[in-house]
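What follows is a short report on a single structure.
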2 protein chains.
Amino acid sequence: MASRSTDPKDPREPRGSRDPKNGRPALDDVSLAIIEQLQEDGRRPYAAIGKAVGLSEAAVRQRVQKLLDQGVMQIVAVTDPLTVGFRRQAMLGINVEGDLDPVADALTAMSEVEYVVMTAGSFDLLVEIVCEDDDHLLEVINKRIRSLPGVRSTESFVYLKLKKQTYMWGSR
Amino acid sequence: MASRSTDPKDPREPRGSRDPKNGRPALDDVSLAIIEQLQEDGRRPYAAIGKAVGLSEAAVRQRVQKLLDQGVMQIVAVTDPLTVGFRRQAMLGINVEGDLDPVADALTAMSEVEYVVMTAGSFDLLVEIVCEDDDHLLEVINKRIRSLPGVRSTESFVYLKLKKQTYMWGSR
DNA sequence: CGTAATCTTTGCGGATTTCGTATCAAGGGG
DNA sequence: CCCCTTGATACGAAATCCGCAAAGATTACG
């Protein structure tokens with residue numbers, strides 16, 4: 001299991017930047033600082049984090065666990081799939097007629113889809129796809145995605161080379 | 001430090017799927033299995049991973065350290081920036097005239113740029129940007145990126161909502 | 001074939017970290 | 001004013017991490 005406690009539930013909560021009730025930000029400065037620490041090294045010990053953010057080891061541990069349970073962050077290994085396997089990867093721009101959500105949910109349910117985001121601009125959705133090979137990619141795009149009800153059109157961007165991939169928005 | 005050993009160096013090595021010399025894949029099945037374990041839980045203990053992949057704790061530890069040093073994978077906390085801060089995030093499609101690499105390198109050097117990938121299709125590059133606010137986003141796109149030599153045109157897709165974000169290509 | 005050289009795995013022991021639990025302080029309600 | 005919830009700390013026991021030296025495996029070469 002990715003997390004160590006209660007089942008993950010649905011990570012898509014209405015989690016705004018601030019909790020409307022009780023006014024406090026959903027994430028205070030300390031939690032932000034903890035996340036920054038873990039963005040640098042996901043395995044950094046709780047005691048070291050505590051020293052950096054001014055909290056006891058146990059307090060850090062509890063906060064981290066809550067952040068994981070709430071789905072605010074996940075601690076995982078990330079790779080360049082193109083490097084690791086000999087797979088095909090692509091970004092897909094999608095235009096939808098009618099409600100976006102059903103389409104987005106259907107895409108989210110596909111295991112080959114790693115990333116789904118609603119956007120403003122000439123595409124309604126951007127989705128990233130990781131596949132075994134060309135045949136697999138073709139099948140996912142042409143058979144499974146283009147046939148989804150509501151999908152008006154798609155445009156594909158096959159990945160040639162990943163140049164940068166970071167998660168350090170905190171540190172700058 | 002993100003990693004525990006020699007300095008990170010430049011992560012952009014010519015890391016193909018297979019090591020040209022000595023023919024063996026850069027990543028054997030065991031390392032793949034280790035990565036899969038860490039994709040589920042980046043903090044899973046080495047002993048547990050060893051039991052899962054059939055290796056001793058020390059062997060797993062050394063392999064993980066090498067994978068980190070080589071830049072094949074990173075173990076980090078990932079979040080939805082839109083959730084964590086009140087930031088603006090966008091994907092940018094870019095068209096370039098001439099050599100792609102200088103432009104890609106310049107983008108890679110920008111701290112606001114989290115993701116740079118070369119693609120086939122109607123864009124040459126896709127880059128993901130994380131900004132503090134609208135002003136910041138505007139400045140990065142219009143002042144810093146559009147003025148890069150070689151950039152012919154850009155198209156922006158401002159993120160409205162992140163629906164899915166996973167790193168589990170291994171487990172299916 | 002040997003054998004050297006290199007790389008990988010393994011087996012420890014000690015230092016460190018994690019984890020569960022108990023305790024304490026600070027707010028809300030009722 | 002008391003009860004209940006939330007969050008931080010303290011602390012001992014158990015598990016984990018880490019460095020190191022020995023053993024094993026693989027490759028290159030004579």
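D133(A) meets the salt bridge (charged side-chain N to carboxylate O under 4.0 Å, His left out) test with no other residue; sequence neighbours excluded.
In this structure, CG of D41(A) is placed 13 Å from P of dC17(D), rounded to the nearest angstrom. When the C1' atom of dT18(C) is taken as reference, atom CD1 of I75(A) falls 14 Å away, rounded to whole Å. In this structure, CD of Q70(A) is placed 13 Å from C1' of dT6(D), rounded to the nearest angstrom. Straight-line distance from the CG atom of D69(B) to the C1' atom of dT8(C): 16 Å, rounded to whole Å. Per the geometry, CD1 belonging to I49(A) stands 11 Å off P belonging to dT17(C), to the nearest Å. If you take CG of D28(B) and C1' of dA25(D), they are 14 Å apart, rounded to a whole angstrom. The CD-P distance, from Q65(B) to dC20(D), rounds to 14 Å in whole Å. Protein atom CD of Q62(A) is 17 Å distant from nucleotide atom P of dA25(C), rounded to whole Å.
For CG of D99(A), the number of neighbouring non-hydrogen atoms (other residues, nucleotides, ligands) closer than 6.0 Å is greater than 12.
With respect to K161(A) and D101(B), no salt bridge is recorded, no charged nitrogen being found less than 4.0 Å from a carboxylate O. Salt-bridge formation is detected for the pair R144(A)/E139(A): a Lys NZ or Arg NE/NH1/NH2 atom is positioned less than 4.0 Å from an Asp or Glu carboxylate oxygen.
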Q.
Evaluate K163(B) against D105(A) for side chain to side chain contact (heavy atoms under 4.5 Å, CB included), listing each step before the verdict.
A. CA-CA 8 Å; K163(B) 295 282 288 188; D105(A) 289 338; 3.3 Å; yes

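Across residues 51-61 of chain A, L55(A), S56(A), A58(A), A59(A) each have a non-hydrogen atom less than 4.0 Å from an atom of DNA chain D (numbered order).
The side chain of R63(B) contributes an N or O atom lying less than 4.0 Å from OP1 or OP2 of dT9(C). Distances shown here put a side-chain N or O of K66(A) below 4.0 Å from the OP1 or OP2 atom of dG7(D).
Across all their heavy atoms, D124(B) and V96(B) have their closest contact at OD2-N, 2.8 Å.
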